[in-house]
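Heavy-atom basis, side chains included; hydrogens, waters and symmetry copies ignored. What you see is a predicted model; the values in this text were computed from it and never measured.
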Amino acid sequence: HVEQLLLDLYRQGRGPANLEVLSDMLRCSPRTLSRRLQRENVTLQDIKVKVRRELAQKRLTSTKMSITEIAEMVGFAEPADFTRAYVAWT
């Protein structure tokens with residue numbers, strides 16, 4: 001649920017979201033969401049990185065979007081920061 005919600009938010013240009021925003025959208029408390037993630041042995045940061053990486057890879061291979069546009073879409077302030085992250089991911 002959280003992964004899909006984050007993906008949708010990034011696609012709409014509304015990401016990244018924090019725990020409070022996501023829990024509100026999922027109609028639960030931040031603590032409840034945190035416990036759910038703990039039970040799955042995953043952190044919100046892990047999910048954010050995965051979603052950003054997958055969305056960036058898809059946009060790089062299937063669109064003509066510029067690096068700057070993709071970087072902005074997935075929540076990086078600077079294209080250089082995105083480039084460094086992408087190199088680390090691949």
Side-chain angles (χ1 to χ4, degrees):
H1 291 54
V2 173
E3 190 173 321
Q4 185 60 50
L5 184 57
L6 274 172
L7 185 58
D8 292 343
L9 289 171
Y10 278 114
R11 285 181 179 153
Q12 296 168 10
R14 296 174 44 206
N18 60 29
L19 187 66
E20 289 75 24
V21 170
L22 292 170
S23 63
D24 186 52
M25 295 177 85
L26 292 168
R27 294 183 174 86
C28 66
S29 73
R31 182 68 189 126
T32 297
L33 179 55
S34 182
R35 281 194 304 267
R36 287 178 185 166
L37 294 173
Q38 276 183 325
R39 274 197 307 266
E40 295 177 19
N41 293 316
V42 68
T43 66
L44 181 56
Q45 186 61 32
D46 293 337
I47 296 170
K48 284 181 179 181
V49 168
K50 181 181 181 199
V51 167
R52 290 169 98 181
R53 181 184 63 238
E54 290 175 359
L55 187 56
Q57 287 174 328
K58 185 170 185 170
R59 293 296 188 254
L60 285 167
T61 59
S62 65
T63 70
K64 293 186 181 200
M65 291 175 73
S66 70
I67 296 293
T68 302
E69 291 170 316
I70 295 170
E72 186 177 302
M73 177 184 213
V74 296
F76 286 90
E78 297 292 327
D81 296 333
F82 167 70
T83 301
R84 275 191 294 281
Y86 190 80
V87 168
W89 296 337
T90 56

*With side-chain contact (heavy atoms from CB on, under 4.5 Å) as the test, would you mind laying out the steps for L19 and L22 before giving the verdict?*
CA-CA 5 Å; L19 187 66; L22 292 170; 5.7 Å; no
*Might you work through the side-chain contact (heavy atoms from CB on, under 4.5 Å) test for I47 and L37, ending with a clear yes or no?*
CA-CA 10 Å; I47 296 170; L37 294 173; 3.6 Å; yes
_The test is side-chain contact (heavy atoms from CB on, under 4.5 Å); show your working for I67 and L60 and say whether it passes._
CA-CA 8 Å; I67 296 293; L60 285 167; 3.6 Å; yes
*Checking side-chain contact (heavy atoms from CB on, under 4.5 Å) for the pair C28/S23: CA distance, chi angles, key distance, verdict?*
CA-CA 5 Å; C28 66; S23 63; 4.1 Å; yes
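Note: E20 CD to M25 CE = 13.5 Å, rounded to the nearest 0.5 Å. Interatomic distance, E54 CD to W89 CH2, rounded to the nearest 0.5 Å: 10.0 Å. Annotation: the span from Q57 atom CD to I70 atom CD1 amounts to 11.0 Å, rounded to 0.5 Å. Here CZ of R52 is found 10.0 Å from CG of L6. Values are rounded to the nearest 0.5 Å.
Listed for the Q12 side chain is no donor-acceptor partner under 3.5 Å among the backbone atoms of L9. Counting only distance, with no hydrogens or angles, the side chain of K48 and the backbone of A17 share a donor-acceptor pair below 3.5 Å. Side chain of R59 to main chain of M65: no donor-acceptor pair is present (N/O by atom type, distance under 3.5 Å, no hydrogens or angles).
Taking each heavy atom of L44 and N18 in turn, the nearest pair found is CD2-C, 4.0 Å. Closest of all the heavy-atom pairs between Y10 and M73 is CD2-O, 3.4 Å.
Counted within 6.0 Å of CD on E72, heavy atoms from surrounding residues, nucleotides or ligands total 12 or fewer; the atom is thus considered open. Enclosure of atom CD in E78 is not indicated, since only 12 or fewer non-hydrogen atoms of other residues, nucleotides or ligands lie within 6.0 angstrom.
With sequence neighbours left out, S62 forms a side-chain contact (heavy atoms from CB on, under 4.5 Å) with K58. In this structure F76 satisfies the ring pair (Phe, Tyr, Trp, His ring centres under 6.0 Å) test together with F82, sequence neighbours excluded. Under the salt bridge (Lys or Arg N to Asp or Glu O under 4.0 Å) criterion, D46 pairs with no residue at all, not counting sequence neighbours.
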